[in-house]
Each structure stands twice: as C-alpha cells, then as structure tokens.
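Here is the structure we will look at, set down as structure tokens.
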Number of protein chains: 2
Amino acid sequence: MMLMNMQHVIAKLRHSGYKITPQRLEICELILSSQNHPTADQIYQKILRKFPTISLATVYQTLHLLKELGLLQELGFADMSSRYDPNTSPHVNVICPKCGQIYDCEPKRAKELWSQIAAELRFKPVGQRLDVYKYCDKCSNIQSRNSETKNR
Amino acid sequence: MMLMNMQHVIAKLRHSGYKITPQRLEICELILSSQNHPTADQIYQKILRKFPTISLATVYQTLHLLKELGLLQELGFADMSSRYDPNTSPHVNVICPKCGQIYDCEPKRAKELWSQIAAELRFKPVGQRLDVYKYCDKCSNIQSRNSETKNR
DNA sequence: TCTTAAATAATAATGGTTTTTGTTTAGTAT
DNA sequence: ATACTAAACAAAAACCATTATTATTTAAGA
C-alpha cells in the first residue's frame, strides 16, 4: 500500500471498528487532494468552509487515528508544526530549511537505497523518513543577500 | 566535516566572532560524549551538576547557535521536542516509534546510495535526514501484548 | 425507531520553546 | 594588570501548538 484512497480509508476504518463520519472523510479528502503536506491548522482552516462548527481538536484526533491505522505519516519539525503525508512508502521529502515548503520526490534509486539499507540493518523497519534540505528559489535569493552578515 | 570535536568547535566559534564561554564548551562536550541524541532538557539536567545556576534558555540559545554554525543537526519530532545530533553527515537514525529512543547507524552503502540520489535530484542538498522506525526491545514486547486490542 | 458507545465541539490545560529584562562576563584596548 | 563594552548569561514571563476534559451529538446495530 502506497498512497491511500477513499475506498481504502473507509474499508480500514470499518474493519478496525471505527465509525465513518463526514468529518473524517472530509479530512482524508483534503489531505489526499493537497500536493504539499498540510499542517493540522491548514486542514482546519480549509474544512471550516464545509463544517463551520468543526473543532481543531477533532482534526488532531482524526489525524492521529489515520496515523495509527498506517494511512498517513506525521512529519515532525523543530521550527514548525507537524505536517501530514498520505504517502507512507519510501520517498524523499524535499524541504526548504527557511520557509518549510515541502514537495515529494520519488527518485528511481530511493526504493533501491531503502531496500539495501534495510538489508544491511538486519531488521525490517516499520517505517521510514527521508528528508533533503534545499533552499527554494524564493528563499535562496534572500539567503544569498544576507549571507555576508553574522545572521541569527 | 562529519563529527565535530572540541578543537573544531572552538575554532569555529572564534572565527565566526562568538565568545568562548565555559557554558558553551560544556554543552558541546555533553553532546559529543552522549551516544543517543539528547533533548535540550536532558542536556540541561546533566549540565546542572557542573553549572548549578545555568538557565535552560542558555542551553537552547547555545544549541541554536551550534546548529547555525553547522556543528550539529536538530531533529524535530511530532511531540514537539527536538533532539540534537553532532553527526551532520549522511547516516541513519534508528528510532523507536513508541518511546523515541534513538541510535545512529552508518550502513556502508548509505553514503554511496545517498550521493546517487542527490545526483538524480540534480541539486546539492544543504543537509539531509534519514530516519528508520523500529520498535526497541522493550517497546516491542509491550506492543505485541496490546496488539490484539483497538489501542489508542 | 431505539439504544448506546463512540465521536464531536467547546474550552481549559499542558509543556516545550522563545522572548524579555536586568546582570555578569569574555575579549580587547589602555 | 585594569577598564571598557558588546555579548552572553540567568531568571522569569510569555507564547503557542498540541492534548486533555466534559458535555452534547451522532453513527451503527438491535
């Protein structure tokens, strides 16, 4: 299983004994339809259009549930809030260290790298995370303008 | 540059115009001598023995400075805590998804295959992070005991 | 339709990190 | 060695993403 779809989500929820609610389905669809991996608050802001009384706590609860069911991956960061990735298979997250922009990348070698490392580690991991840091076009301009000063 | 040492830290601080203080040196030594990547609070608790009046804010400031100087990597996690790794070269962090225990791993093929991916991406990353999730011995026992129930 | 455990909404609480402010100190010049 | 000054420090308050709590609502089976 690589990228979840709604059929899969519904089946998994039902099979695991959880209820199928409109809120849960909408949260899933929002994550699936977004290219960058949204934060909990970004999901909350979007879902407010369709569910004006939804609580941010519900968003968090649902995200944690989907994570436990293995339907998405939570990417924690030091300088920003967590982001949620519906792709749980080995792939590369290209991240701007300045603004946090993320996009996914699936190098041909990624899965090969993964399987070789897994073989060398002598155990079967339950998951993985591959991040690559690269200044996006916007931030690399700002960065080069400030790079001569002692900036902190 | 892979794993920092004290000589290197001192040179880097001086060259960058920052002062050499006992607090900064002690924090560096603690990180360098620790096998697992400690949290800010774990460093704070240890350093209290030698500097009973040190502030937690000083620990954070120092860690951020060392990060900016490229001397260590900050690993952010979903539970909003960070851990600090003096090894900034491509390596694998083996992490227990339950308790957060971490240890480093340097598979022979990691660097080789990593550079191949970098070549395929057509840019030179400014950093990277490779996490592999594996339940530690302690947590895998607990996990198997609870796995039949709907646990959350 | 009825029943009930689960899910939701609203709100308060939590806790890691950052900011602020006044004091101390490392590094340099005298 | 002493004095000077910007930087670093300690202490405490503030911040804010996330989690816990509680009362109300709802999905799903009888």
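All values reported here derive from a predicted model rather than from experimental measurement. Reminder, nothing fancy here: chain letters follow the sequence lines and each chain counts from 1.
As rounded to whole Å, 12 Å separates atom C1' of D:dA12 from atom OH of B:Y44. A straight line from CD of A:E26 to P of C:dA7 spans 19 Å, rounded to a whole angstrom. In this structure, the CD1 atom of A:I54 is 13 Å from the P atom of D:dT26, given to the nearest Å. Whole-Å rounding puts the A:R14 CZ to D:dA27 C1' distance at 11 Å. At whole-Å resolution of the value, CG in A:L66 and P in C:dA7 are 12 Å apart. D:dA27 atom P lies 11 Å from atom CG of A:L25, rounded to whole Å. For the pair A:L13 CG and D:dA27 C1', the computed distance is 12 Å after rounding to whole Å. The CZ-P distance, from A:R24 to D:dA27, rounds to 11 Å in whole Å.
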What pairs of donor and acceptor atoms, side-chain ones from residues 42-53 of chain B against any protein atom, are under 3.5 angstrom apart with sequence neighbours left out?
| unit_1 | atom_1 | unit_2 | atom_2 | d |
| --- | --- | --- | --- | --- |
| B:Q42 | OE1 | B:T39 | N | 2.9 |
| B:K50 | NZ | B:E26 | OE1 | 3.4 |

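Using a 3.5 Å distance cut-off with no hydrogens or angles, the side chains of A:Y133 and B:Q128 do not pair a donor with an acceptor. In summary, the side chains of B:N36 and B:S34 do not present any donor paired with an acceptor at a separation below 3.5 Å, with no hydrogens or angles considered. Side-chain contact check for A:T88 and A:Q73: no donor-acceptor pair (N or O, by modelled atom type) lies under 3.5 Å.
One finds the NE2 atom of A:H8 at 5.5 Å from the CG atom of A:L71 (value rounded to the nearest 0.5 Å). Summarising the geometry, atom CG belonging to B:L65 is positioned 5.0 Å from atom CZ belonging to B:R24; distances are rounded to the nearest 0.5 Å.
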With side chain to side chain contact (heavy atoms under 4.5 Å, CB included) as the test, would you mind laying out the steps for B:N5 and B:V9 before giving the verdict? CA-CA 6 Å; B:N5 59 48; B:V9 170; over 6 Å; no
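Through side-chain heavy atoms spaced under 4.5 Å, either directly or across other Ile, Leu, Val, Met, Phe, Trp or Tyr residues, A:L130 is tied to A:V92, A:V94, A:Y103, A:L113, A:W114, A:I117, A:L121, A:F123, A:V132, B:V92, B:V94, B:Y103, B:L113, B:W114, B:I117, B:L121, B:F123, B:L130, B:V132.
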Close N or O pairs between protein and nucleotides 24-26 of chain C (under 3.5 Å):
| unit_1 | atom_1 | unit_2 | atom_2 | d |
| --- | --- | --- | --- | --- |
| C:dA26 | O3' | B:I20 | O | 3.4 |
| C:dA26 | N3 | B:K19 | NZ | 3.1 |

Dump the pairs, protein N or O against N or O of nucleotides 11-17 of chain C, anything under 3.5 Å, distances to one decimal.
| unit_1 | atom_1 | unit_2 | atom_2 | d |
| --- | --- | --- | --- | --- |
| C:dG16 | O3' | B:M80 | O | 2.8 |
| C:dT17 | OP1 | B:S82 | N | 2.8 |
| C:dT17 | OP2 | B:Y60 | OH | 2.0 |
| C:dT17 | O5' | B:Y60 | OH | 2.9 |

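For B:Y18, taking side-chain heavy atoms from C-beta onward, the closest of the listed nucleotides C:dT8, D:dA8, D:dC9 is D:dA8.
Fit an axis to the five pairs at each end of the helix from C:dT1-D:dA30 to C:dT30-D:dA1 and the two axes sit 40° apart, to the nearest 10 degrees.
In terms of the salt bridge (charged side-chain N to carboxylate O under 4.0 Å, His left out) criterion, residue partners of A:D131 (sequence neighbours excluded) are, by chain and number, A:R129.
Under the 4.0 Å criterion applied to side-chain N and carboxylate O atoms, B:E106 and B:K111 are assigned as salt-bridge partners.
With hydrogens and angles disregarded, a donor-acceptor distance shorter than 3.5 Å links the side chain of A:H91 to the backbone of A:S89.
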